[in-house]
Amino acid sequence: MELRYIGQTIHSPEGRLRQHRTRNSNDHLYNWLRATNINVIVLELDPEDLDEAEIRWIADTREQGARLLSIADGGGTPWN
């Protein structure tokens with residue numbers, strides 16, 4: 001299994017995935033999310049700072065060579 005997307009939410013991961021899949025966008029990330037059977041993995045529960053945790057996970061994962069589809073470097077996501 002390859003990790004392809006890292007995001008944050010204050011709601012359930014499944015609900016966040018539903019939001020992504022129904023987003024009206026032809027962006028590669030959203031097309032991939034709609035077309036792929038996704039395994040949701042929670043990397044961290046209740047971090048002190050959601051933005052910092054997302055930035056750290058994205059940076060660390062990219063550093064390890066992951067081909068992430070995450071659009072930004074994390075943090076400040078308006079769609080929590």
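The shown structure was predicted, so the numbers you read here are calculated from the model rather than taken from an experiment. Quick note: residue numbers are just sequence positions, from 1.
Under the 3.5 Å distance criterion, with hydrogens and angles disregarded, a donor-acceptor pair is assigned to the side chains of Trp32 and Thr36.
In this structure, the side-chain contact (heavy atoms from CB on, under 4.5 Å) partners of Ile58, at least two apart in sequence or on a different chain, are Ile6, Glu54, Arg62, Leu68, Ser70.
Between atom CG of residue Asp60 and atom CG of residue Leu43 there is a gap of 10.5 Å, rounded to the nearest 0.5 Å. Annotation: the span from Asn31 atom CG to Leu69 atom CG amounts to 10.5 Å, rounded to 0.5 Å. One distance of note links CG of Leu33 with CZ of Arg21; it measures 7.0 Å at 0.5 Å rounding. One distance of note links CG of Leu3 with CD of Gln64; it measures 9.0 Å at 0.5 Å rounding. The line from CZ of Arg34 to OG of Ser25 is 6.5 Å long, rounded to the nearest 0.5 Å. Atom OG1 of Thr61 sits about 10.0 Å away from atom CZ of Arg56, to the nearest 0.5 Å.
Using a 30° and 60° split on the angle between ring planes, Tyr5 and His20 fall in the perpendicular class, above 60°.
Enclosure of atom CD in Glu2 by more than 12 non-hydrogen atoms of other residues, nucleotides or ligands within 6.0 angstrom is indicated. Other residues, nucleotides and ligands place more than 12 heavy atoms under 6.0 Å from the CG atom of Asp49.
When every heavy atom of Gln8 is checked against every heavy atom of Leu50, the shortest pair comes out as OE1-CB, 3.1 Å. The nearest pair of heavy atoms linking Leu45 to Val42 is CD2-CG1, 3.6 Å.
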*Report the C-alpha separation of His11 and Arg18 in whole Å, then their side-chain angles, then the decisive distance to 0.1 Å, and conclude whether the side-chain contact (heavy atoms from CB on, under 4.5 Å) test is met.*
CA-CA 11 Å; His11 304 293; Arg18 264 192 313 280; over 6 Å; no
